[in-house]
Structures are given as C-alpha cells and as structure tokens.
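Below is one structure; the comments refer to it alone.
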Amino acid sequence: MGRIVVGVDGSDSSIKALHWAVRQAELTGATVEAVNSWEYPATSWASMMPGMPEDFDPQAVATVSLNEALEEALGAAGAAAVSKVVVIGNPAQALLDRAQGAELLVVGARGHTGFKATLLGSVSLHVTQHAPCPVTVVRD
C-alpha cells in the first residue's frame, strides 16, 4: 500500500488537490497524508509586527487550520481517514521532505501566497522540479 502526500493550506486550490488525492487513493488503495507548514516571518518583517503573546503557539494554530480544512472538505469521517502532518518550514521543502518514499505528491496550482512567494517562485513549480516521486498539480 502506497502513500500519497498532498499539500493543504486551506486555499481553494489545495482543497481541490486534496479531493483529487483522496479519489486517487480510493483507486489505488494508498493512504493520504495531508501536509501543512508554517514559518516565522523574516527578521525584517518581524520588527514591523507588534509583539506576539507569550502563549502564542503557531504549531497549534496551523494544526487547527489543517484539521478544519480537512473536516470542511471531507467531513468528519473523511478527515479522520487522512494522516495529518504540520511542520515548521518552507512549504515546498516541507512537501519535498514528506514526499520521500511516497508514491505521489499532489499540490494545487495556486495556494496562499505572499510577498515571499513572489521572490521564491511557486510551491508547485519548485516541487515539480525537485520531487523524489511523481507529482500531480491540480489546476483550477
């Protein structure tokens, strides 16, 4: 039984990728692993932000965000059948790391982006160039 890794950031594109990955898993008998990642803002941006509360936990926020996106997209039973992974780091690198040993990596064509993404290029472009397994890019 193989493993399909899918990037889920809550965007419409990532939810379409999630649905595609789940359908593919049903056809192949693979498991689905939904991956979400987060990063602290770059130092130059951090100086412009007000201080974070001491109890702020970005890992917990990202985990809740992933769980909510999965439940909204797949329902409670469908979300329970998906493995959930939340990691700190660049989204493209997090997906590449999790794709080691996977039979397929699935991403949306356009997810949540920001200023940093315009400097580094898209996640889907990066993973298609560097993935250790086949990649499916689900377009809108």
Side-chain angles (χ1 to χ4, degrees):
M1 186 164 62
R3 179 172 54 97
I4 298 173
V5 174
V6 58
V8 179
D9 65 6
S11 66
D12 289 343
S13 180
S14 75
I15 297 304
K16 288 179 183 176
L18 172 65
H19 284 292
W20 194 96
V22 168
R23 284 192 306 271
Q24 183 66 18
E26 289 169 354
L27 294 171
T28 63
T31 60
V32 176
E33 179 178 292
V35 178
N36 187 330
S37 70
W38 60 274
E39 291 182 286
Y40 282 108
T43 306
S44 61
W45 287 97
S47 64
M48 295 171 29
M49 295 176 59
M52 293 287 184
E54 287 183 29
D55 62 345
F56 178 69
D57 182 357
Q59 181 77 17
V61 171
T63 300
V64 167
S65 175
L66 178 59
N67 287 333
E68 287 176 352
L70 292 175
E71 285 192 23
E72 185 175 320
L74 305 174
V82 173
S83 297
K84 299 154 195 77
V85 177
V86 177
V87 297
I88 183 172
N90 173 276
Q93 190 58 54
L95 289 169
L96 292 173
D97 291 345
R98 295 304 306 175
Q100 294 292 330
E103 74 177 39
L104 184 64
L105 173 59
V106 182
V107 294
R110 290 192 61 89
H112 290 165
T113 59
F115 181 71
K116 186 173 182 180
T118 64
L119 296 176
L120 297 178
S122 76
V123 171
S124 58
L125 177 62
H126 189 79
V127 299
T128 57
Q129 294 173 337
H130 302 285
C133 64
V135 177
T136 296
V137 178
V138 178
R139 299 188 55 83
D140 289 338

Discussion item. For S124, run the side chain to side chain contact (heavy atoms under 4.5 Å, CB included) check against V137, T136, L105 and tell me which one passes.
Written reply: V137
If I compare all heavy atoms of [X] with all of [Y], which pair ends up nearest, and what's the gap?
{"X": "A30", "Y": "R3", "answer": "CB-N, 4.2 Å"}
{"X": "V82", "Y": "L70", "answer": "CG1-CD1, 4.3 Å"}
{"X": "A17", "Y": "V106", "answer": "O-CG1, 3.6 Å"}
{"X": "E103", "Y": "G2", "answer": "OE1-CA, 3.2 Å"}
{"X": "R98", "Y": "E33", "answer": "NE-OE2, 2.8 Å"}
{"X": "A94", "Y": "V87", "answer": "CB-CG2, 3.4 Å"}

Could you state the interatomic distance from [atom1] ([X]) to [atom2] ([Y]), rounded to the nearest 0.5 Å?
{"X": "H126", "Y": "L95", "atom1": "NE2", "atom2": "CG", "value": "10.0 Å"}
{"X": "Q129", "Y": "L125", "atom1": "CD", "atom2": "CG", "value": "4.0 Å"}
{"X": "D57", "Y": "T63", "atom1": "CG", "atom2": "OG1", "value": "8.0 Å"}

[X] side chain to [Y] main-chain N or O, any donor-acceptor pair under 3.5 Å?
{"X": "S14", "Y": "D9", "result": "yes"}
{"X": "S65", "Y": "V61", "result": "no"}
{"X": "K84", "Y": "A79", "result": "yes"}
{"X": "S13", "Y": "A109", "result": "yes"}

Item to complete: Evaluate side chain to side chain contact (heavy atoms under 4.5 Å, CB included) for V8 paired with N36, printing each intermediate quantity in order.
Response: CA-CA 6 Å; V8 179; N36 187 330; 5.6 Å; no
Discussion item. So, using side-chain hydrogen bond (donor to acceptor under 3.5 Å, both in side chains) as the criterion, who are the partners of W38 when residues are at least two apart?
Written reply: Q59
Worksheet item: Shared ILVMFWY cluster between V64 and L66, side chains joined below 4.5 angstrom?
Response: no
Worksheet item: Is there side-chain contact between S37 and N90, with at least one heavy-atom pair below 4.5 Å?
Response: no
Practice prompt. Sequence neighbours left out, what passes side-chain contact (heavy atoms from CB on, under 4.5 Å) with P134? Give chain and number order.
Written response: L104
